[in-house]
Amino acid sequence: MNNTFDMLQNLFSQDLQELQHLRKRGWFVLPMSRIVKEEHIGRCCYLAEEFLSSEELQTLKKDLGLNERQWHTYKTKISQ
């Protein structure tokens, strides 16, 4: 694996962990924080698709525990 893969994996892991923490506290506590975090994850999805090979992308999704539906959902969180 390369540095781009490792960097993206670290970004995703941190964001998903923070999002899980927000979820445990309840969405109503910090709704703007949740929105910003989900948008950042969505941007990371696009970056991963642009810079990783197909094999690396599939490995990343598997390592993060994200299925195609979840991946697509995060991508739709980007504000227009």
(Q) Could you walk me through whether Gln9 and Ser13 satisfy the side-chain contact (heavy atoms from CB on, under 4.5 Å) test, starting with their C-alpha distance in whole Å, then the side-chain angles of each, then the deciding distance to 0.1 Å, before giving a yes or no? (A) CA-CA 6 Å; Gln9 187 173 37; Ser13 295; 4.2 Å; yes

Please report the shortest heavy-atom distance between [X] and [Y], naming the atom on each side.
X	Y	answer
Lys77	Glu39	O-CG, 3.0 Å
Phe12	Cys45	CZ-N, 3.4 Å
His40	Leu11	CE1-CD2, 4.2 Å

[atom2] on [Y] to [atom1] on [X], rounded to 0.5 Å:
X	Y	atom1	atom2	answer
Leu66	Thr73	CG	OG1	10.0 Å
Leu47	Met7	CG	CE	7.0 Å
Asn67	His72	CG	NE2	12.0 Å
Gln58	Ser53	CD	OG	9.5 Å
Leu19	Arg23	CG	CZ	5.0 Å
Glu38	Leu16	CD	CG	10.0 Å

Is [Y] close to [X] at the side-chain level, that is, under 4.5 Å between some pair of heavy atoms?
X	Y	value
Leu60	Glu56	no
Leu57	Phe51	no
Thr59	Leu52	no

(Q) Please determine whether the number of non-hydrogen atoms from other residues, nucleotides or ligands lying under 6.0 Å from atom CD of Gln20 exceeds 12. (A) yes

(Q) Looking at Asp15, is its backbone amide N or carbonyl O close enough to the side chain of Glu18 to form a donor-acceptor pair, meaning the two atoms are under 3.5 Å apart? (A) no

Q) Any donor and acceptor pair, going by atom type alone, linking the side chain of Glu49 with main-chain N or O of Tyr46 inside 3.5 Å? A) no

Q. Which is it for Trp71 and Ile41 under the side-chain contact (heavy atoms from CB on, under 4.5 Å) test, yes or no, and what are the steps along the way?
A. CA-CA 9 Å; Trp71 186 266; Ile41 294 170; over 6 Å; no

